[in-house]
Amino acid sequence: MPIDATLPYDDSNIFARILRGELPSKTVYEDEFALAFHDINPQAPLHILVIPKGAYVSWDDFSERGGDDEIAGFVRAVGRVARENGLVAPGYRLLANVGFDSHQEVPHLHVHIFAGQQLGPMLAR
Ligand code: 5GP
């Protein structure tokens, strides 16, 4: 069920629980600002989620309330995951769903990294 991204952050969401170590995840990368892990239901041969460690609902929320250090750290982590997994030469796709129309399901900001095949058109038609 897509979420309303204007709602306040809900500390019980799945990614908050992963960050607290209450739920397992297959970690790809971690630093002070970000955690990257494999999506539980991959939509491409490689499907990684990158999340900031802070409590932000969406890209919108993060860009408004996040500190410059958190934003820089998160953006650098996304790029680093792509480079360290050899994705730059073949190419990859970044996606961040926000709110109802975009079908955001988990109310903690996440960037999807898709790779490993021709990724097709940008949007379903
Ligand atoms: P959204 O639709 O919010 O952009 O994407 C949420 C993503 O989180 C989906 O691709 C879904 O498969 C993934 N996901 C949901 N629950 C879990 C979980 O418990 N662990 C992991 N690794 N991924 C999850």
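What you see below is based on every heavy atom in this structure, not just the backbone, and it leaves out hydrogens, waters and symmetry mates.
- Note on V75: it does not cluster hydrophobically with V57, by side-chain heavy-atom contacts below 4.5 Å among ILVMFWY residues.
- No side-chain heavy atom of L109 sits less than 4.5 Å from a side-chain heavy atom of D61.
- Connection of L49 to V28 is not established within any shared hydrophobic cluster, with ILVMFWY side chains joined at heavy-atom distances below 4.5 Å, either directly or through further cluster members.
- N13 places a side-chain N or O within 3.5 Å of a backbone atom of D10 that can act as its donor or acceptor partner.
- Hydrophobic clustering (ILVMFWY, side-chain heavy atoms < 4.5 Å, transitive): V78 and W59 are in one cluster.
- Note that CG of D69 and CD of E32 are 7.0 Å apart. Values are rounded to the nearest 0.5 Å.
- Residues A115 and A44 come closest through the heavy atom pair O-CB, 3.7 Å.
- Under the 4.0 Å criterion applied to side-chain N and carboxylate O atoms, D11 and R20 are assigned as salt-bridge partners.
- A donor-acceptor contact shorter than 3.5 Å is absent between the side chain of S102 and the backbone of G99.
- The shortest side-chain heavy-atom distance between V111 and L95 does not fall under the 4.5 Å cut-off.
- The ring of F37 has its center closer than 6.0 angstrom to the ring center of F15.
- By the 4.5 Å heavy-atom criterion applied to side chains, I48 and D39 are not counted as neighbours.
- The ring of H110 has its center closer than 6.0 angstrom to the ring center of H112.
- Hydrophobic cluster membership differs between V50 and I40, with clusters built from Ile, Leu, Val, Met, Phe, Trp and Tyr side chains linked at under 4.5 angstrom.
- Aromatic rings of F114 and Y92 (six-membered ring for Trp) have centroids beyond the 6.0 Å cut-off, not under it.
- D4 CG: more than 12 foreign heavy atoms inside a 6.0 Å radius.
- Remark: the backbone N or O of A55 is paired with a side-chain donor or acceptor of R65 at under 3.5 angstrom.
- Not one N or O on the side chain of E84 forms a donor-acceptor pair closer than 3.5 Å with the backbone of V81.
- Remark: I71 CD1 to R76 CZ distance equals 12.5 Å, nearest 0.5 Å.
- Counting heavy atoms from C-beta outward, P52 and F33 have side chains that stay 4.5 Å or more apart.
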Q. Should I14 and L23 be marked as a side-chain contact (heavy atoms from CB on, under 4.5 Å) after you check the CA-CA gap, both sets of side-chain angles, and the distance that decides it?
A. CA-CA 8 Å; I14 284 172; L23 291 175; 4.1 Å; yes
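- I3 is not listed as a side-chain neighbour of F100, based on a closest heavy-atom distance of 4.5 Å or more.
- Atom CZ of residue F74 and atom CG of residue D31 lie 10.5 Å apart, to the nearest 0.5 angstrom.
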**Q.** Verdict with reasoning, I113 to L87, per side-chain contact (heavy atoms from CB on, under 4.5 Å)
**A.** CA-CA 10 Å; I113 300 178; L87 307 185; 3.7 Å; yes
Q: Apply the test side-chain contact (heavy atoms from CB on, under 4.5 Å) to residues E64 and Y56: give CA-CA distance (whole Å), side-chain angles for both, the deciding distance (0.1 Å), then the verdict.
A: CA-CA 10 Å; E64 189 167 66; Y56 301 101; over 6 Å; no
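- The aromatic ring centres of H47 and H38 sit 6.0 Å or more apart.
- Salt bridge E30/K53: present, at least one basic N to carboxylate O contact under 4.0 Å.
- Within the 4.5 Å cutoff, no side-chain heavy atoms of S58 are placed close to those of H108.
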Q) Which is it for Q117 and L119 under the side-chain contact (heavy atoms from CB on, under 4.5 Å) test, yes or no, and what are the steps along the way? A) CA-CA 6 Å; Q117 65 178 33; L119 294 165; 4.1 Å; yes
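- The minimum heavy-atom distance linking P107 with E105 is given by the pair CD-O, 3.7 Å.
- In this structure, P2 and H103 have side chains that are in contact, with non-hydrogen atoms separated by less than 4.5 Å.
- A continuous path of hydrophobic side-chain contacts links V106 to L19 [ILVMFWY only; heavy atoms under 4.5 Å].
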